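What you see is a predicted model, and the numbers here were worked out from it, not measured in a lab. Residues take their numbers from the sequence shown, with the count starting at 1. Computation of the quantities below employed the complete heavy-atom set of this structure, encompassing side-chain atoms and omitting hydrogens, waters and symmetry-equivalent molecules.
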Amino acid sequence: MNKYINSIPFNIIRLCVDTFNEYEITGTAYNSTIKSPIPFLDINELFLKFDMMFDKNGNPLASKIIRSFKNEISQYPYQNKPKTYCSYKTLQEHKGKVSDFDIVVVSRNNSTWQGSLFHKDQEYPYTTILDLIKTIEKLLNNSLSNQL
């Protein structure tokens, strides 16, 4: 995790899960480039919101950029290092009622994300958002079964 904190801290999402059942994952998400947390009632909604945030930050840059023949200036210019409002240590203080995860998005190729998920000091690489969701659900199921 330290290699990501030092090199791309703005690509880390702190995911705090407050409720989980077979049909929904809800909670709050944090990132160092946004001032306010993002509450979510559906995990898919969360990924769409963060995709828009990454577009605005310009990092990680999407592999497919919307192009036009019009002479329009992009509303989101590329930024190598977006402005941050807090440190990773501050993000770590946020906890979910059920569990919490750190999602590192290294790249956004083929209209999906690639990176690593961190949970309880374990790293779980993923190559698509679907892989990421399946891993989160598996870890949440394991946490719930260990509590019983």
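From Thr84, atom OG1 reaches atom CZ of Phe10 across 8.5 Å, with rounding to the nearest 0.5 Å. To the nearest 0.5 angstrom, Phe20 atom CZ is 4.0 Å from Asn141 atom CG. Distance check: Ile12 CD1 to Phe118 CZ gives 8.0 Å after rounding to the nearest 0.5 Å. A distance of 9.0 Å separates OG1 of Thr135 from CG of Leu130, quoted to the nearest 0.5 Å. Of the inter-residue distances, the one linking Ile103 atom CD1 with Phe50 atom CZ reads 8.0 Å to the nearest 0.5 angstrom. Within the model, atoms CD1 of Ile129 and CD of Gln114 stand 9.0 Å from one another, a figure rounded to the nearest 0.5 Å.
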Run the side chain to side chain contact (heavy atoms under 4.5 Å, CB included) check on Leu15 and Ile43 step by step: do they pass? CA-CA 10 Å; Leu15 184 69; Ile43 194 123; 4.1 Å; yes

What's the verdict on side chain to side chain contact (heavy atoms under 4.5 Å, CB included) for Thr28 and His94, showing C-alpha distance, side-chain angles and the deciding distance? CA-CA 9 Å; Thr28 309; His94 300 287; over 6 Å; no

Asp102 vs Tyr88, side chain to side chain contact (heavy atoms under 4.5 Å, CB included): CA-CA, chis, key distance, verdict: CA-CA 10 Å; Asp102 290 313; Tyr88 174 70; 2.6 Å; yes

With side chain to side chain contact (heavy atoms under 4.5 Å, CB included) as the test, would you mind laying out the steps for Thr90 and Tyr30 before giving the verdict? CA-CA 10 Å; Thr90 304; Tyr30 302 84; over 6 Å; no

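Within a 6.0 Å sphere centred on NZ of Lys95, heavy atoms belonging to other residues, nucleotides or ligands number more than 12.
Considering all non-hydrogen atoms of both residues, Ser32 and Cys86 come closest at CB-O, 3.3 Å. A pairwise comparison of heavy atoms in Val17 and Thr19 identifies CG1-O, 3.5 Å as the closest pair. The two residues Val106 and Gly115 make their nearest non-hydrogen contact at CG2-CA, 3.9 Å. The minimum heavy-atom distance linking Asp100 with His119 is given by the pair O-ND1, 3.1 Å. Shown here for Thr33 and Tyr85, the closest heavy-atom pair between the two residues is O-CE1, 3.3 Å.
Residues Ile133 and Asn44 form a side-chain contact, since some pair of their non-hydrogen atoms from C-beta on lies under 4.5 Å apart. Taking the side chain as every heavy atom from C-beta outward, Ile25 and Phe40 approach each other to under 4.5 Å. Side chains of Leu140 and Phe101 form a contact here, defined as non-hydrogen atoms less than 4.5 Å apart. Side-chain contact between Leu41 and Glu24 is absent, with no heavy-atom pair separated by less than 4.5 Å.
The existence of a salt bridge linking Glu45 and Lys49 is confirmed by a sub-4.0 Å separation between a basic side-chain nitrogen and an acidic carboxylate oxygen.
For Trp113 and Phe47, the ring centers are positioned less than 6.0 Å apart.
With hydrogens and angles ignored, the 3.5 Å screen pairs no side-chain donor or acceptor of Asn31 with any backbone N or O of Asn11.
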